[in-house]
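Excluded from the calculations below are hydrogen atoms, water molecules and symmetry mates; all remaining heavy atoms, backbone and side chain alike, are included. All chains are named by letter (A, B, ...) in the order of the sequence lines, taking the proteins before the strands, and each is independently numbered beginning at 1. All values reported here derive from a predicted model rather than from experimental measurement.
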Number of protein chains: 2
Amino acid sequence: MEAAEFRRRGKEMVDLIADYLENIEQRPVYPDVEPGYLRSLIPEEAPEEPDTYEDVVKDIERVIMPGVTHWHSPYFYAYFPTANSFPAMLADMLSGAIGCIGFSWGTASEATLVALLAARSRAVRMILASDPQRPETGITSKLVAYSSDQAHCSVERAGMIAGVRMKKIPTEQSDKYAVQGETLRRMIQEDKAAGLIPFYFCATLGTTPSCAFDHITELGPICNAEKIWMHIDAAYAGSSFICPEFRPLLNGIEFADSFNFNPHKWLLVNFDCSTMWVRKRSDLIGAFKMDPLYLKHDHQESGRYFYTDNSLFRSLKMWFVFRMYGLKGLQDYIRKHVELAKEFESLVRADQRFEISADVVLGLVCFRLKGSNEVNETLLKRINNGRKIHLVPCQLSGQFVLRFAVCARTTESRHIREAWRLITQLAEEVMQELPH
Amino acid sequence: MEAAEFRRRGKEMVDLIADYLENIEQRPVYPDVEPGYLRSLIPEEAPEEPDTYEDVVKDIERVIMPGVTHWHSPYFYAYFPTANSFPAMLADMLSGAIGCIGFSWGTASEATLVALLAARSRAVRMILASDPQRPETGITSKLVAYSSDQAHCSVERAGMIAGVRMKKIPTEQSDKYAVQGETLRRMIQEDKAAGLIPFYFCATLGTTPSCAFDHITELGPICNAEKIWMHIDAAYAGSSFICPEFRPLLNGIEFADSFNFNPHKWLLVNFDCSTMWVRKRSDLIGAFKMDPLYLKHDHQESGRYFYTDNSLFRSLKMWFVFRMYGLKGLQDYIRKHVELAKEFESLVRADQRFEISADVVLGLVCFRLKGSNEVNETLLKRINNGRKIHLVPCQLSGQFVLRFAVCARTTESRHIREAWRLITQLAEEVMQELPH
């Protein structure tokens, strides 16, 4: 396919995409296929001679779509949103065409890991400075990192990768599942008394299970005093801080060593797009410095990082989105999702059979049927089997809880009401069948 | 921007992309800007109200293009190729629209790290099985990993991330910069005698500096006997193995524990696209297992991995490319690049002032002016300052060497000849000015 044909096929693809997104509601949101369904639909090997483009396009509906979870359907309420917008798609088309290599790009899980490694390197350096004879491996084996028991599983995995102890700090329902300063302080004291070296704390603003916010105004000063690196993971909630009314949720940021959020979650920029801020750049660069000749460039000595070959082109989509929506458009978008979540919360609260399981701060509503875990598990299974709407669960204080996250760009009040109608209808069925 | 406008803008973007790629030769391949050039061209803050789309498009030439290194220009010969093709772009448009989250995607550097972590976990498990009382941190501090002194810098970085010793195995020009079995065997014996635990070897097929191939038929049996995990990094060369005549370069693969190559380098699939194969899946899964409720799914018990929500949608572009080119088209593409490299090699060999610095096996030619490093450094600087073609250097046996990698999809013999004309012309100037 050369440029002339691409002009034609590209325009057809643009229409196909517009058709797909305009009619996405009519598709079952969640696929009804078994793992491996693809195997019988595609040949064992790549074709010897080219297929026709028409055949490839035909197979989008035959092969691909049956396995798709439609994350952009207004009936999708699982996990957290993944962004999608027309300007971002246009930019991605261009980024793909320019096709530069971005060397410094990652998502929130990588940011957590990168911050942990920088913290480990800083801790080892500080200890060696005061005790140069101490063997480095002996230091690593004494290091201890902390995060909330509500933190994303990638935080625990970062600890495994880095080969350091990662301790979970217990949280309570009465504290709204936020890490308390007093708890962290006590754990640090106990660990120091046991000969360990606390060096890293990953705070979460907007946890995955319930969108809880750790008290960083309390936690930050403790970390600073103890020379513990405080990383803030605001993967989901970070986007909301562009609205003044949500900005106070970020108070305490001044104590952080690093901060990350994912515009690809809630800021209308397609996956992947994750932004990381670091207080002291040299802490990061020092931990990863590599210097092969084939990566040298003229501006190295200046200590300035040459971004043009890097994230610039993959961030095109951010730029398109910021410009096409404007701050106001983006704020409206965030506020609308929060309003839709509040609307759903009101519907739940108005029904005596249900309860709200955590404060609704942004676009996530945690709720459940009053009653056993079993009845809630059955309800969720029934909801997802219906394939009209899609939700995932979480566990809060031992309870099985349903998470209703407003995700799609096109979700409207009527979708929320329809979802609630469906949930209550299935709940009725389940309650008739099961003791609760 | 809603679907109707996207239909119009998308089609304009398709034309813009086609125009860009059809006329890419007319642009300076390498940007003539200083780091930070963007700062004065863009506002300090995102706009309060939306910009017009026309303004955004105007800024592509004003703001973006001046900073672009045109990786797809037929005058680009630096690093290694990064893939780009029209079918892949079409697929990426669709992938972007479907916008599912791929949880298991990475590039070769990540594959190296992932393999290293799996190997570390396997090694610790095996040692604990025979000596359950041994403290785990004591084991990690004794582990030792190996790679060639020609391996990519990301291998060394993987060792830093995992917190394990990584030793570089010396290579020689007389061995074509390949790791020899005897050298690895000796290092293992010495390390074991010193109480260390060898556990991981990263072999490279097609090194970055000179496209050297480690002798995995010799190295594999040594690793297997010593229970050392052998990972093979074939990031660039891997694509060539679809041609029977290059397939023997892969002999010894039967001894590997894991293998990786990047279709986004040389197989016409846009960045990023990296494929990893692991002998024993449980070694990998065991090292990273995380089990939060919000990621549970119905098929977990079957031990089968549900790919539909994962790499499938990001691999759409691979699928489009395989189908639109066919195996034959892809083989032709690889062969054409190798031929172009051979053509360049002949031009170099026919000129007494130059020498070839390493065997030309695939699409990379390492060459230099006979003479000092200084004269070659000056020549390269002159070449890149001209901005007509772009090359990067490497170091081989202490010599400063120029790397000429055939990269762009549209490179033809005439581009090669033109590049050579330019290089010899600049060489003449440099040799008149400098002693050599």
Colleague: At what distance, to the nearest 0.5 angstrom, does OH of B:Tyr53 lie from CE of A:Met324?
Modeller: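 CE of A:Met324 is found 7.5 Å from OH of B:Tyr53.
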Colleague: Quick one: are B:Met89 and A:Phe6 in side-chain contact, heavy atoms under 4.5 Å?
Modeller: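 Yes, close enough: below the 4.5 Å cut-off.
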Colleague: Where on A:Asn384 is there a heavy atom nearer than 4.5 Å to chain B: the side chain, the backbone, both, or neither?
Modeller: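 Nothing of A:Asn384, per the 4.5 Å heavy-atom cut-off to chain B.
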Colleague: Are A:Glu2 and B:Arg409 within salt-bridge range, i.e. N to O under 4.0 Å?
Modeller: yes
Colleague: Let's test your reading of the structure: which of B:Arg120, B:Glu5, B:Arg7 forms the most heavy-atom pairs below 4.5 Å with chain A?
Modeller: B:Arg7
Colleague: Please tell me if the side chains of A:Ile161 and B:Ile161 come closer than 4.5 Å, counting only heavy atoms from C-beta onward.
Modeller: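 Yes - at least one pair of side-chain heavy atoms lies under 4.5 Å apart.
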Colleague: Under a 4.5 Å heavy-atom cutoff, which of B:Met93, B:Arg165, B:Glu22 has the most pairs with chain A?
Modeller: B:Met93
Colleague: Partners of A:Ala78 by side chain to side chain contact (heavy atoms under 4.5 Å, CB included), sequence neighbours excluded?
Modeller: A:Phe76, A:His390, A:Val392
Colleague: Pick whichever of B:Leu90, B:Asp55, B:Ile60 has the most heavy-atom pairs under 4.5 Å with chain A.
Modeller: B:Leu90
Colleague: Please examine the side chains of B:Met1 and A:Val321, heavy atoms only from C-beta on, and report whether any two atoms are closer than 4.5 Å.
Modeller: no
Colleague: Before accepting this row, confirm whether a basic side-chain N of the pair A:Glu49/B:Arg323 lies closer than 4.0 Å to the acidic partner's carboxylate O.
Modeller: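 Salt bridge flag = no for B:Arg323 with A:Glu49.
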Colleague: Report yes if the side chains of B:Trp319 and A:Ile64 come closer than 4.5 Å at any heavy-atom pair, otherwise no.
Modeller: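 Yes, side chains in contact.
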Colleague: Does atom CD of B:Glu45 have more than 12 heavy-atom neighbours from other groups under 6.0 Å away?
Modeller: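 Check fails, neighbour count at 12 or below.
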Colleague: Answer with side chain, backbone, both or neither: which region of A:Leu16 has an atom nearer than 4.5 Å to a non-hydrogen atom of chain B?
Modeller: side chain
Colleague: Drop me the distance from A:Asp59's CG to B:Phe320's CZ, to the nearest 0.5 angstrom.
Modeller: 9.5 Å
